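Bear in mind that the values here come from a model prediction, so they are computed numbers and not experimental data. Atoms within a ligand are numbered from 1 in the order they appear, just like the ligands themselves. The first residue of the sequence shown is numbered 1, and numbering continues consecutively from there.
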Amino acid sequence: MSDNTIKNNNISDNVKKEIEKRRTFAIISHPDAGKTTLTEKFLLYGGAINTAGSVKGKANSKYAVSDWMEIEKERGISVTSSVLQFNYDGFCINILDTPGHQDFSEDTYRTLMAADSAVMVIDASKGVEAQTIKLFKVCVMRHIPIFTFINKMDRDARDSFELLDDIETVLGIRTCPVNWPIGSGKEFKGIYDRKARTVRTFEAVATGGAKSAAETDYSIDDEELHKVVPDHLYSQLIEEIELLDGASDPLDLKKVQKGELSPVFFGSALNTFGVGIFLKYFLDMTSTPLPRLSNEGLIDPVEEPFSAFVFKIQANMNKAHRDRIAFLRVCSGRFDASADVYHVQSGRKLKLSQPQQIMAQDRQVVSEAYAGDVIGVFDPGIFSIGDTITVPGRKFEYEGIPTFAPEHFCRVVQLNSMKRKQFVKGITQIAQEGAIQIFQEYTAGMSEIIVGVVGVLQFDVLKYRLENEYGCEIRLEALPYGFIRWVSDPGTDVTKLKRMNNVKAVKDMKGNPLLLFVNDWMIKMVLEDNEGLGLLEFKKN
Ligand code: G4P
């Protein structure tokens, strides 16, 4: 009998142990803050890779782990996200990597739906930047713990209190520094661990393979410390510690778990400095995979048999086969590749074919996985984003993944009217995968399609894929809108709304009404002039 049976009364100790080892988190940041470098250093700690520079290819790199699509190779950037798993200190860590380029996509948001916590990387010279704000909002919506790593302390940084203030005011989350920097840039001397009351002194290392620089810890009262930290920085540190101890929020783990308080760490990913300390505290403070909400209430990761949901669909990773890979986040139990599973939305029993784990450098076929893990499976064309897969005999559905508001819009003009059918099929399929959203104007049929994307690169991906996979030439005409909102009452007659000049009313493929705005201010005006109208930024599915 396989493990994927309906009752899981005899949860083996092994399954429990495996699940409790799991820590699954996403890293979020604005491009260039150091997300890739930090991920790389995590992997170095876990021994998953041997040299730095192999997580994600830069424009000039020969090899890039997540460059599956041609377009990614051409541009040397990562459009899709990957999942990296490694073992460290008795934990099994899953890092959900999100595209770091400015042209990130809705997938970036969805990846956050599969994570149990998030690490926010901030450039110490810049503070909170635009893309972090967007991603942060999704974490807040999910109430997941958010850990902050303030990076690049080896460069001149903004005042540390100012940085905390920035996080608190811009993002609206309380902060609690776990450690504190001593100087920055050329004067960066190390970090003070508030709990241990020790100072780890900084030494720069050559970029590349070294796991970390020589790490020396001094007690704060140690005379030797004065040889490393000049007097003016030492007295500044003592003053700042007093200030922190008196005024900063205590490290309340309950608040951390609810995403109300962010533990803050300082360091330099490039120098592998502060990374080990961060990992240690992070692993201590994060929890094992948490129960997830379904239409039958919370599903316990350990007590329940196998279940998972689809959070991402990736087409044509292998161009020769035109396949689609569905990414599943395992939410409970043990996945056994040899056993049948049940796809709730289609009511079909099936075997998940070619299950694979996306490791640091390659994809490996796996025979099992546990709650907390992410696996990619071959999609015979039946999966949609948000679908639930569990064991035969169970029928619950996990709470759906919201649709996020796109920010860029184009009208799609099909250039060869003979290819009408392929065009409709292609654009509908690509929309189903969730890379783009398609809308129709109220007055036009399928001949006039408006495409909305979260990152503009998706327009290129769409054009490329329609040409290469469906043989359809298109032209994209940019539209001036930047904001879209779902009308909360789908029964609203949008043609009767007031103040609609410069506002376009469209419907999505399910017929839900939406409004397109040129700017934020117009949204406020329309809301003011139409009493009772509700507009939503996320659409719950
Ligand atoms: P991202 O994924 O968030 O976009 O950032 P990434 O890690 O690619 O880092 C962006 C740049 O910042 C890289 O330099 C990287 O080496 C540098 N960097 C990351 N962490 C630190 C740090 O702690 N200190 C300093 N001084 N620099 C850091 P680059 O020149 O753009 O790329 P590369 O040629 O070095 O790869």
*Decide if the gap between the ring center of F282 and the ring center of F25 is smaller than 6.0 angstrom.*
yes
Residue part near ligand 1, for [X], under 4.0 Å between non-hydrogen atoms:
X: K152; answer: both
X: T37; answer: both
X: N151; answer: side chain

Do [X] and [Y] come close enough that some side-chain heavy atom pair is under 4.5 Å?
X: T198; Y: I220; result: no
X: S248; Y: R194; result: yes
X: I150; Y: F265; result: no

Which ligand 1 atoms, with their elements, are less than 4.0 angstrom from a heavy-atom of [X]?
X: S268; result: 22 (C), 23 (O), 24 (N)
X: K35; result: 1 (P), 2 (O), 3 (O), 5 (O), 7 (O)
X: S29; result: 3 (O)
X: P31; result: 4 (O)

_Heavy atom of N271, distance to ligand 1 below 4.0 Å_ = no
_Side chains of S262 and T148: any donor to acceptor distance under 3.5 Å?_
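Their side chains do contain a donor-acceptor pair, which is all the 3.5 Å distance test asks for.
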*Would you call the rings of Y234 and H226 parallel, tilted or perpendicular, where under 30° means parallel and over 60° means perpendicular?*
tilted
*What's the spacing between L279 CG and D89 CG if we round to 0.5 Å?*
9.0 Å
What do you reckon, does [X] have a nitrogen or oxygen under 3.5 Å from a nitrogen or oxygen of ligand 1?
X: G34; result: yes
X: A269; result: yes
X: G267; result: no

*Apply ring-ring contact (aromatic ring centres under 6.0 Å, His included) to F266 and F149, showing your working.*
CA-CA 6 Å; F266 293 81; F149 187 85; 8.8 Å; no
